[in-house]
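Read through the structure below, which is laid out as structure tokens, and then see the notes.
Computed from a prediction, not measured in an experiment: that's the story for all the values here. Just so we're on the same page: letters track the sequence lines, and every chain starts at 1.
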Amino acid sequence: MSLLVKASKHIHGTCKRLMVYKYKNDLSGEARLDEPTLIRYAVGGDAAAWESLVRAHQEAVFRLAYLLVGDPDDAEDVAQETFLRAWRYLKRFDATRALRPWLLSIAANLSSNRRRSAGRYFAALTRGFRAEPKPDTLEEKSSQQLESGELWKAVQMLNIQDQQIVYLRYFLDLPIAETAEVLQVAEGTVKSRLSRALEKLRTVIRNKFPILMDGHEA
Amino acid sequence: MSDMDFETQIRSLAVRMEYPRTPDISGFVTKRLRTSTRSRFISRRLAWSMTIIFVLLSSLLLIPSARAAIIDFIQVGVVRIFPRTVEPTAQAIRTAMPELMNPLTATPVPTQQSLLPILSRIAGKTTLDEAQKRVSYPILLPAYPVDLGKPDYVFVQNADGQMVVLVWLDPRQSDHIRMSLHFVPSGSWAVKKIEPKVIEETTVNNQRAIWTEGPYILRLINGNTDFTRLIDGHVLIWAEGDITYRLETDLALDEAVKIAESLRPIP
């Protein structure tokens, strides 16, 4: 390989590293790359491309983790680990598919492990020592927000599989097809599982959170 | 209410769920990726240079004054403590400027959450007797303070070696922890405490012990987990045989030492 070609490749690589990629959802008006292209760059080792993808999906991943582990610090750890792990196995990912279901699937698995990990234990202890009583913020929240919080508590009483499907379908508002992809099951299975989970949830709400039924049950 | 109405109600409430602000995950991830890439590059490119430097350092370690300047952490059992300033004498080291610390995660402040629901969902919760059956080393309980009694929570965590954790709740505020005691066997976890506000050398039963006060960055590493968090607590660490003990409490150093020296086998 000639020196010229080598130099050209080096310059191209440097430019790519310095480039701030714009994800297609970015409305800044600057040149944008679509997800498959960014994934292709990332598979080639381009961290800037991966950063754009992380930024595009971090909210969904963080929120799912938060719903599953119930703590923002733990959720942040899970989200970080999700993207690091996805980067590590990105070569195995089929770039023609959407990235979000795969990321959410990793996050769901990590969250399940996290609920039972020693790291979580240390975090809990740390909080325990310095925790002050939570200020009463009831007045600051609307009744709908309070009801949403109560609903979350009710869902937490379901088993982890039921929680996952309810969070994905209703809290993150994913379509059935994407929910199926995250859980790696058929769409029909999602529908039947969802129906069973809702039935259990209805029982939990009726018995322990009647406020969520008030005015609707008559 | 029909199934459809119920589903509609659930959906309308669920989408209104309030979440904490999403932290900057991308910044952290990119930093980690660039660091690891750089590390690999350095390790390949400079392998020979590193070998030479290692040989030079090994020679320097034979000179006490040079050793003091090079070894920049204190090790007690599985715990390595990295002071802010590199002055690893055998005397107390007090470092300051915690406000300059740069946490490795974006979680700098312990959150204010009720603890009990979290404790109840942690794996390995068991009884004292059962824990003792599962580990090969003796679980010790403090005889001081006399009113302490048995722990309120006992956990055995399987992390390439059974780690035992005992938790005592504060009798005045039952959702607060009064004290916790960890038994960490060698070869399970590597624990790093980075830049504690205070590091003080002391003794427990005439054995070297280290007292640290937060805030500092705690990093726990084993084969499956790399966990980093900012800690704001007082911890006494000492080791006996293959077990590293970690006592976390709000009490002062002399009280913590008294507790540590009062450990006895389960009666």
For this session: Search all heavy atoms of B:Asp24 against all heavy atoms of A:Gln58 and return the closest pair with its distance.
Result: C-OE1, 4.2 Å
Exercise. Under a 4.5 Å heavy-atom cut-off, does chain B meet the side chain of A:Leu151, its backbone, both or neither?
Worked result: side chain
Seminar exercise, completed: d(B:Gln9 CD, A:Glu147 CD) to nearest 0.5 Å is 7.0 Å
For this session: Mind checking the OH-CZ spacing from B:Tyr19 to A:Phe62? Nearest 0.5 Å is all I need.
Result: 10.5 Å
Seminar exercise, completed: Taken to the nearest 0.5 Å, the spacing of A:Leu146 CG from B:Glu18 CD works out to 9.0 Å
Exercise. Tell me, side chain or backbone of A:Glu150 under 4.5 Å from chain B's heavy atoms, or both, or neither?
Worked result: neither
Exercise. Which heavy atom of A:Leu67 sits nearest a heavy atom of B:Met17, and at what distance?
Worked result: CD2-CE, 4.2 Å
For this session: Just jot down the side-chain hydrogen bond (donor to acceptor under 3.5 Å, both in side chains) partners of B:Ser2, sequence neighbours excluded, or say none.
Result: B:Asp5
For this session: Considering non-hydrogen atoms only, spot the tightest contact between A:Glu76 and B:Ile25 and give its length.
Result: CG-CD1, 4.0 Å
Problem set entry | Partners passing side-chain hydrogen bond (donor to acceptor under 3.5 Å, both in side chains) against A:Gln161 (at least two apart in sequence or in another chain) | none
For this session: Would you give the length of the straight line joining atom CH2 of A:Trp87 to atom OG1 of B:Thr30, rounded to the nearest 0.5 angstrom?
Result: 9.0 Å
Exercise. Who passes side-chain hydrogen bond (donor to acceptor under 3.5 Å, both in side chains) against A:Arg63, sequence neighbours left out?
Worked result: none
Problem set entry | Shortest non-hydrogen separation from A:Ser148 to B:Arg16 and the atoms involved | OG-CB, 3.6 Å
Problem set entry | Non-hydrogen side-chain atoms of B:Phe28 and A:Leu84 separated by less than 4.5 Å | yes
Seminar exercise, completed: Value for CZ (B:Phe6) from CZ (A:Arg202), rounded to nearest 0.5 Å, stands at 5.5 Å
For this session: Calculate, to the nearest 0.5 Å, the distance between atoms CZ and CG belonging to B:Arg11 and A:Leu198 respectively.
Result: 9.5 Å
Seminar exercise, completed: Bottom line for A:Leu201: the part with an atom under 4.5 Å from chain B's heavy atoms is both
Exercise. Applying a criterion of heavy atom separation less than 4.5 Å, what residues of residues 165-173 of chain A form contacts with chain B?
Worked result: A:Arg169, A:Tyr170, A:Phe171, A:Leu172, A:Asp173
